[in-house]
Every structure is written in C-alpha cells, then in structure tokens.
Amino acid sequence: MFDEEYFKSEEFKEILAKYEAAEASGLGFYMDVDDLCDVADYYQANNQYEAALQAIESALDIAPTATLPLVFKARDAINNGDFQAAQDYLDCIEDKTDVEYKYAVGELLIALGKTDEADNWFLEIYNTLDADDQRDFLMDVATIYTDYELPLFAVNWMMRGRGDTSEEFQELMARTLFGLGKYDDSERIFKELIDRNPFQKRYWNALANTQFMKEDYSASVTSSEYAIAIDPEDAEGILSKANALYRLDNFEEALTYYERYNAKVADDAFGLLHEATCLISLTRYEYAVELLKNAEQCAEPDSPYMVDIYQELAFALSELHEADAALDYLNKTDMLDCDHADMYVIKGHVLLSNGRYKDAETMFKKAIKESGHSPQVMLRIFVSLYDNDYVHVSYLFFKRFFDMVDKDFNEGYSYMALCCWFLKFYDEFMYYLREAVQRNKKEARTVLSDLFPTGMAPEDYYPYMSAKLGIKDKE
C-alpha cells in the first residue's frame, strides 16, 4: 500500500538505495522481506511495474510462503483477471491468520462478483476483533470497497466508525462520499481537513477533483495550484490543473500542463490523449496525430481510452483531408465495446467534412437505424450538418425534430437557436433562445456563450439579447 510519508523518510531512502545498488551490481544480496515489499509498493506507485515485480520475486526467493509478497502476486493476478492464479498464490500463504491474507481473500471474492459473500467474510472477521483492531479493520475494508468502486458497501462500513474525528477517518469518509456522487459533502470535509492540515497536497488534489466533478473548474484550478505549490513535481496536481484548464477552454495553458505531466509520467495513454485533444482544439492537427499514434501504442488493447484515441485520430485526420485514413481508424472500433451508432455518426461527419455528402447520408441513416431512431443520435447528426456549414438543412431538420420528440425533451434547443442566429431568423432565434435557457442551462452555456459577454449567466441571455435586438419572442 502506498505510504507517501514513509517513502519520503530517510529510513526508506536508505533501503531503496541499498536495493538499487545491489541490483545494479548484479551480485547476490539479502534484504528483509518486508523491506522488499515496501520497495515493490514504491515502484508500483511510481508506475514502474516490472521493477515492482522484480522486487517481489526477490522477496519470494528468500521466503516462498511469506504473506506480503504472495498477496502482492495475488492482487496482481486479480488485476489481470487471472482469478485462478490469484487463488493459487493465496493457497501458498503459510500464515492464514495474517490480516493481509484475509483482506486478499475478500478482494478475490469481490473481483469474482461475490460481493455479498465478501461482505459476510469481512463481517465475521470484524466480530472477532477488539475495539481498537475493529477501527483499523473497518477503515481497511472501506478502502477496499472504495478501490473497487463500491461506495455503498464502503459507506456501510464507515458508519460503524461514527464519531471518529481523526483525519484518516474523515479523509476516507470524504472519498467515500465522492464515490457516491455527494460532491458537496465531500468538498466540505476536504475543506475541513485542509483547515486542519493546509500543507497536505493529497487533500488539495482531492478537493480539486471534487470541484471538477461539480463543474466548478476555476475553483479546481486554484486547488490544484496549492497542491503544485506544495510539491512542484506532483503529477496528480499537474494533471488536475490541466483537466480543469481544458474545461475552461484555456487550451494553450492546459497544453503546457499536459506536456509537463507527460514529461513526468512516461507512456501514459490518458495524458497523451488529452495533450492531443488540446492540440486539436488549437488546430495543430499534425502534432495531434503524432501524439495519438503514440497513445495507441502505449494503451493496452482493452484500454478504456482506445475508442477516444481512434475518435480523436479521425477528427484530426479529417481536418487534414485524409478521410480514408480517418475512416480506417474508426473502423477499428467495430470490434470494441462502444456505442456503434455514435461511431456511424462520426464516420458520417468525416465524410461530410470532406465533401462526400451521399456517403455521409448513407452513414447517418445507418446510425439512426442502429440506434433505434434515438433522438440523441439524430441530434448529433443535425449538429454535424451545422458544423459542416449545412446550416439551413440543419434548421429544417430541427423544425421537424421538435415536432417529433416528447414535449419534455430538453436537448437541441440551443443548437436550433444558433441556426436561427446565423440565418438571421431573429424572431425564431428569440423563441428558441428562451426555450434553450429554460430547458437546459448547461447546453445553453456550452453552445451559445460566444454570442454573449464573457461570463454572463445563461438566465441573462434572453433579456440581454431582447434589449440588443429590440425583439421579444412571440408566445
């Protein structure tokens, strides 16, 4: 388990230096098994996977039945989906009373989808412990559930520790609430923790993530800056700031932070992908294509980022008028777990961008059929028409679309307002502007903000434009 404070200590630095010197010499050496496991945890936390495994193998050479190295191997097997290997490693552990063995057994049950069985396993152990040990145990179990993205189980265990005001407990509660989507409560606790310990960068990074999820991107940038001020080399803080700057459309500055992150964390598909999306937003398509190809090479075949990588490659190549190459990358998504109707829309967009209207029409029809005539898919097609300067065609489709969808459907009105604006249909523009703001403020801000003064709230769009144009929509 990652222990940042210990890894910064002189004691651990001496252990790491001794280990690395022995490895470099190629000579045999003896180290304590627990120290070797700490070295492995350190390497794993710093994305040095092969080095971590080497340290664990050295530990197993010394003590083949020791708990910690075998638990490490079992967890590694779980992460790789090899559950039989994980069980085999656990079976080799000699001391099955060790709590680390018990945690690993529970983790394997969770990974196998036997969450209720795992919970009963943990509860049986919990009931055998004294009060002090119970407190540590419930914290560890809640952490396991949080790591496996099971916040409801985590919070059930946290409630057993009600009244615990320690920083450790409060931090875990804040992270658990974050997992439940209770971002306001999570933010409040992290701010309280920062008041108690303002120089803990972990709290600032967590606060930045919470604010990001609340779409309070300016506050997220500020919190990230505190984390970076505490540790200028902190990769998490650098990435958090990059992400928030990107959402603020500050692409130039976001790019510098993505570059900083990628310089620190080599071969990270997420970082490369997002640096490339900045470049695309800045119309630097050639450089974006190069980065995205690197991201494709770095990502595992089942990476959750692979679809996005192919999609962004298609957009960049389309802008470079390499439609066939763009379509080749989109075709790679055929065998991936993704929204295939959406991929048809993107293929149609690429074809339309490159003047192949009939082919685009065919692809859009496939998208509509594949999606079961989804309103969201049709909406994306109309937006593609608008983006490719078929503004009047888009307008006509939107007119028919709003007669078809349910009256409570709240998407697309901002795009229709934009069509009306550029077609100079100002009476209709005012009508759809009012509908857009009343139905979907988030979409209105995203789509229409360029028509209004910087920072204006969506609820002020209608009165501002009414005064500017001297027009009110007809009821």
Side-chain angles (χ1 to χ4, degrees), residues 1-8 38 41-42 44-45 68 71 75 78-79 99-111 115-116 118-127 129-214 220 223-224 226-227 230-231 234 236-237 240:
M1 184 176 292
F2 182 69
D3 186 341
E4 184 178 6
E5 297 305 318
Y6 176 62
F7 290 153
K8 287 181 178 179
D38 287 340
D41 286 340
Y42 170 82
Q44 187 176 53
L68 290 179
V71 164
R75 285 180 174 141
I78 291 171
N79 290 336
V99 71
E100 293 296 333
Y101 165 79
K102 294 175 180 178
Y103 290 146
V105 169
E107 288 186 50
L108 179 55
L109 289 169
I110 293 170
T115 312
D116 289 335
D119 213 48
N120 289 332
W121 165 260
F122 288 136
L123 188 57
E124 286 177 11
I125 299 166
Y126 177 81
N127 288 333
L129 303 174
D130 60 34
D132 289 340
D133 289 338
Q134 281 185 335
R135 187 262 183 189
D136 292 337
F137 187 82
L138 74 88
M139 291 276 292
D140 289 338
V141 171
T143 299
I144 289 169
Y145 281 128
T146 300
D147 290 343
Y148 279 86
E149 298 181 355
L150 294 167
L152 286 174
F153 283 89
V155 79
N156 284 340
W157 278 85
M158 293 295 293
M159 295 309 291
R160 292 184 170 91
R162 287 192 300 269
D164 189 334
T165 60
S166 68
E167 283 190 35
E168 182 184 22
F169 184 89
Q170 292 301 312
E171 179 183 358
L172 184 54
M173 178 60 80
R175 294 186 186 280
T176 303
L177 291 168
F178 180 93
L180 287 169
K182 297 182 179 295
Y183 303 124
D184 287 334
D185 292 331
S186 180
E187 180 181 30
R188 173 182 53 77
I189 295 174
F190 278 121
K191 284 181 176 179
E192 291 172 358
L193 287 168
I194 286 168
D195 287 341
R196 294 164 68 174
N197 188 351
F199 296 104
Q200 177 52 265
K201 70 175 182 182
R202 189 171 69 250
Y203 297 163
W204 285 109
N205 279 327
L207 178 61
N209 290 335
T210 302
Q211 291 163 333
F212 184 90
M213 295 304 296
K214 290 178 61 181
S220 181
S223 297
S224 298
Y226 278 104
I230 294 167
D231 180 2
D234 180 52
E236 183 181 355
S240 292

Can you tell me how far the [atom1] atom of [X] sits from the [atom2] atom of [Y], to the nearest 0.5 Å?
X: R188; Y: L193; atom1: CZ; atom2: CG; answer: 10.0 Å
X: M213; Y: Y183; atom1: CE; atom2: OH; answer: 3.5 Å
X: T210; Y: Y203; atom1: OG1; atom2: OH; answer: 13.5 Å
X: Q200; Y: I194; atom1: CD; atom2: CD1; answer: 9.5 Å
X: Q211; Y: D184; atom1: CD; atom2: CG; answer: 11.0 Å
X: D119; Y: E124; atom1: CG; atom2: CD; answer: 10.5 Å

Original post:
So, are E192 and R196 salt-bridged, with charged N and O less than 4.0 Å apart?
Top reply: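 R196 and E192: not salt-bridged.
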**OP:** For the residue pair I78 and Y148, establish whether any side-chain heavy-atom pair is separated by less than 4.5 Å.
**Re:**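 I78 vs Y148: side chains touch.
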Subject >> From CA spacing to verdict: side chain to side chain contact (heavy atoms under 4.5 Å, CB included), W157, Y126 >> reply: CA-CA 10 Å; W157 278 85; Y126 177 81; 3.8 Å; yes
**OP:** Evaluate the criterion side chain to side chain contact (heavy atoms under 4.5 Å, CB included) for residue pair Y145 and F122; output intermediate values, then yes/no.
**Re:** CA-CA 11 Å; Y145 281 128; F122 288 136; 3.7 Å; yes
Considering all heavy atoms, the nearest [X]-[Y] contact:
X: N205; Y: G237; answer: OD1-CA, 3.1 Å
X: Q134; Y: L129; answer: NE2-O, 3.5 Å
X: A154; Y: A142; answer: CB-O, 3.6 Å
X: A118; Y: G106; answer: CB-O, 3.6 Å
X: E187; Y: L207; answer: CG-CD1, 3.5 Å
X: D234; Y: A227; answer: OD2-CB, 4.3 Å

Look at the side chain of [X] and the backbone N and O of [Y], then say whether any donor-acceptor pair between them is shorter than 3.5 Å.
X: N156; Y: L152; value: yes
X: W204; Y: P198; value: yes
X: N127; Y: L123; value: yes

Original post:
Would the number of heavy atoms belonging to other residues, nucleotides or ligands and lying under 6.0 Å from NZ of K182 be above 12?
Top reply: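 12 or below, so no.
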Subject >> Matching residue for Y103 among L108, I125, I144 - test: side-chain contact (heavy atoms from CB on, under 4.5 Å) >> reply: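 Exactly one pass, corresponding to I144.
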**OP:** Just do the salt bridge (charged side-chain N to carboxylate O under 4.0 Å, His left out) check on E100 and R75 with the steps written out, would you?
**Re:** CA-CA 11 Å; E100 293 296 333; R75 285 180 174 141; 3.8 Å; yes
All N/O donor-acceptor pairs, side-chain side in residues 168-181, below 3.5 Å, sequence neighbours left out:
| unit_1 | atom_1 | unit_2 | atom_2 | d |
| --- | --- | --- | --- | --- |
| E168 | OE1 | R135 | NH1 | 2.9 |
| Q170 | NE2 | D164 | O | 2.9 |
| E171 | OE1 | R202 | NE | 3.4 |
| E171 | OE1 | R202 | NH2 | 3.0 |
| E171 | OE2 | R175 | NE | 3.2 |
| E171 | OE2 | R175 | NH2 | 3.0 |
| E171 | OE2 | R202 | NE | 2.6 |
| T176 | OG1 | L172 | O | 2.8 |

